[in-house]
Amino acid sequence: MIQLIKGIDILLYSGDTAETVSNVLVGNPASAGVVDLPNNSGALESYTLAIPKGDSHDWVNRVVEFFGKKFRTVGIPLQGIEENIPLFWHKQVIVQKLDITGNCTIYEKDTYTRHLIKDVFIHDGRGEQVMLDGMAVSGSMTLQIYADKLRTDTYKPQLGDIVVPSDIDFVFDTSTQQTVSESMKQFRQMCDYAVVTDVKEKLYGTLPDYIITSG
């Protein structure tokens with residue numbers, strides 16, 4: 001059979017490592033989902049990928065890149081029986097564009113274990129005024145960590161964790177209570193940070209995104 005339609009090469013990420021998958025068709029889905037990100041208006045850019053026969057990659061909770069942009073897979077791929085499907089593709093994967101604003105650093109409450117999390121969405125509204133029960137109060141910082149970013153990490157955000165909306169390499173000295181206090185004093189002087197006040201999980205595949213509010 002002569003292949004009259006040809007797909008493109010895309011990058012499929014596993015952590016920070018990317019692998020090229022060839023001959024992938026890119027088309028608009030019939031119905032695009034919406035990721036609930038703060039200050040996001042309208043539906044995110046969304047596509048359906050047709051995956052060539054013979055492919056054995058895991059497409060759940062993965063990040064892909066094409067057209068110079070990064071997307072994440074949504075839900076479970078739809079797959080048919082290869083020999084019963086004409087042409088060269090047998091699997092469909094829906095992807096949505098990732099809203100990425102940068103990296104963040106999170107320190108666990110009590111242990112101060114450091115986690116650098118790349119490619120997250122951050123909206124820092126701490127300087128904004130919002131209405132709560134008829135009163136104007138200071139806003140908060142909202143952070144969305146995509147499921148793919150924690151698939152190789154056992155960390156799960158908790159109330160009281162410390163969030164820095166950037167990549168920093170500060171390490172707390174936890175050898176004694178006094179060194180912890182001294183480290184915290186240094187940390188407060190050099191870092192812009194917020195404390196986690198709410199954590200929500202949102203499921204798009206088999207692993208959740210984390211929506212973190214801090215102030």
Side-chain angles (χ1 to χ4, degrees), residues 13-16 33-46 60-63 69-75 95-133 135-172 174 180 183-184 186-215:
Y13 282 85
S14 178
D16 294 327
V34 179
V35 177
D36 299 323
L37 291 174
N39 291 355
N40 179 53
S41 57
L44 294 178
E45 187 177 349
S46 180
V60 179
N61 301 319
R62 301 299 291 274
V63 172
K69 304 173 184 178
K70 285 187 177 180
F71 300 77
R72 56 95 161 268
T73 62
V74 178
V95 298
Q96 287 180 328
K97 182 176 177 294
L98 288 174
D99 270 8
I100 295 172
T101 58
N103 303 330
C104 74
T105 308
I106 299 181
Y107 295 88
E108 293 186 39
K109 177 185 178 182
D110 299 328
T111 66
Y112 301 100
T113 302
R114 175 181 174 272
H115 300 270
L116 170 62
I117 305 174
K118 299 181 179 180
D119 295 341
V120 300
F121 177 89
I122 303 171
H123 172 69
D124 194 346
R126 289 175 294 174
E128 302 172 358
Q129 293 292 310
V130 298
M131 297 301 295
L132 182 62
D133 295 331
M135 298 180 60
V137 297
S138 297
S140 58
M141 181 169 65
T142 303
L143 167 68
Q144 180 150 355
I145 302 175
Y146 298 109
D148 179 77
K149 298 295 101 178
L150 293 179
R151 63 186 297 145
T152 58
D153 194 331
T154 58
Y155 169 67
K156 181 177 180 179
Q158 301 289 333
L159 301 183
D161 287 354
I162 301 171
V163 178
V164 179
S166 60
D167 178 354
I168 64 168
D169 57 6
F170 184 89
V171 177
F172 282 83
T174 58
V180 170
S183 292
M184 178 57 73
Q186 296 175 20
F187 177 79
R188 287 171 174 166
Q189 292 173 343
M190 65 179 294
C191 296
D192 172 29
Y193 71 94
V195 178
V196 176
T197 57
D198 185 63
V199 178
K200 291 184 174 64
E201 296 184 4
K202 197 137 193 179
L203 198 64
Y204 291 98
T206 60
L207 298 174
D209 282 6
Y210 288 104
I211 315 296
I212 299 173
T213 302
S214 54

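Worth knowing before you read on, the calculation uses all heavy atoms, side chains too, and leaves out hydrogens, waters and symmetry mates. Numbers here are sequence positions counted from 1.
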Worksheet, complete the sentence: Interatomic distance, CD@Glu201 vs CD1@Ile211, rounded to 0.5 Å, equals 10.0 Å
Practice prompt. Tell me, please, which residues at least two apart from Tyr112 pass ring pair (Phe, Tyr, Trp, His ring centres under 6.0 Å).
Written response: Phe172
Practice prompt. Could you tell me which non-hydrogen atom of Ile122 sits nearest to which non-hydrogen atom of Thr101, and how far apart they are?
Written response: N-OG1, 2.8 Å
Fill in: Least distance between heavy atoms, Asp161 atom then Lys156 atom
OD2-O, 4.4 Å
Worksheet item: In chain order, what residues pass the salt bridge (charged side-chain N to carboxylate O under 4.0 Å, His left out) check against Glu108, with sequence neighbours excluded?
Response: none
Discussion item. How close do Pro157 and Ile145 get, counting heavy atoms only, and between which atoms?
Written reply: CG-CD1, 4.4 Å
Fill in: Mutual orientation of the aromatic rings belonging to Tyr193 and Phe187 [parallel < 30°, tilted 30-60°, perpendicular > 60°]
tilted
Item to complete: Could you tell me whether a side-chain N or O of Tyr155 sits under 3.5 Å from a main-chain N or O of Arg114, the two making a donor and an acceptor?
Response: no
Worksheet item: Where the side chain of Tyr107 meets the backbone of Phe170, is there a donor-acceptor pair that is under 3.5 Å apart?
Response: yes
Fill in: Side-chain touch Tyr146/Asp99, heavy atoms, less than 4.5 angstrom
yes
Practice prompt. Could you tell me which non-hydrogen atom of Asn61 sits nearest to which non-hydrogen atom of Ala147, and how far apart they are?
Written response: OD1-CB, 4.2 Å
Discussion item. Test your reading of the model: is there a side-chain donor-acceptor pair from Thr197 to the backbone of Thr213, 3.5 Å cut-off?
Written reply: yes
Worksheet item: Between Thr111 and Thr174, is any pair of side-chain heavy atoms under 4.5 Å apart?
Response: no
Discussion item. Under a 3.5 Å distance rule, please check whether Thr105 uses its side chain to pair with a backbone N or O of Ser166 as donor and acceptor.
Written reply: yes
Fill in: Beyond-backbone contact of Lys118 with Leu116, side-chain heavy atoms, under 4.5 angstrom
yes
Worksheet item: Yes or no on side chain to side chain contact (heavy atoms under 4.5 Å, CB included) for Phe71 and Gln96, after CA distance, side-chain angles and deciding distance?
Response: CA-CA 5 Å; Phe71 300 77; Gln96 287 180 328; 5.7 Å; no
Worksheet item: How far apart are the closest heavy atoms of Leu203 and Pro208, and which atoms are they?
Response: CD1-N, 3.8 Å
Practice prompt. Could you tell me which residues satisfy salt bridge (charged side-chain N to carboxylate O under 4.0 Å, His left out) with Lys109, sequence neighbours excluded, listed by chain and number?
Written response: none
Item to complete: Check whether any side-chain N or O of Ser140 sits under 3.5 Å from a backbone N or O of Gly215 as a donor-acceptor pair, and report yes or no.
Response: no
Practice prompt. Say whether Tyr13 and Asp119, considering side chains only, have a donor N or O and an acceptor N or O under 3.5 Å apart.
Written response: no
Worksheet entry | Shortest non-hydrogen contact from Gln144 toward Asp209 | NE2-OD2, 2.8 Å
Worksheet item: Going by heavy atoms in the side chains, are Arg126 and Asp192 under 4.5 Å from each other?
Response: yes
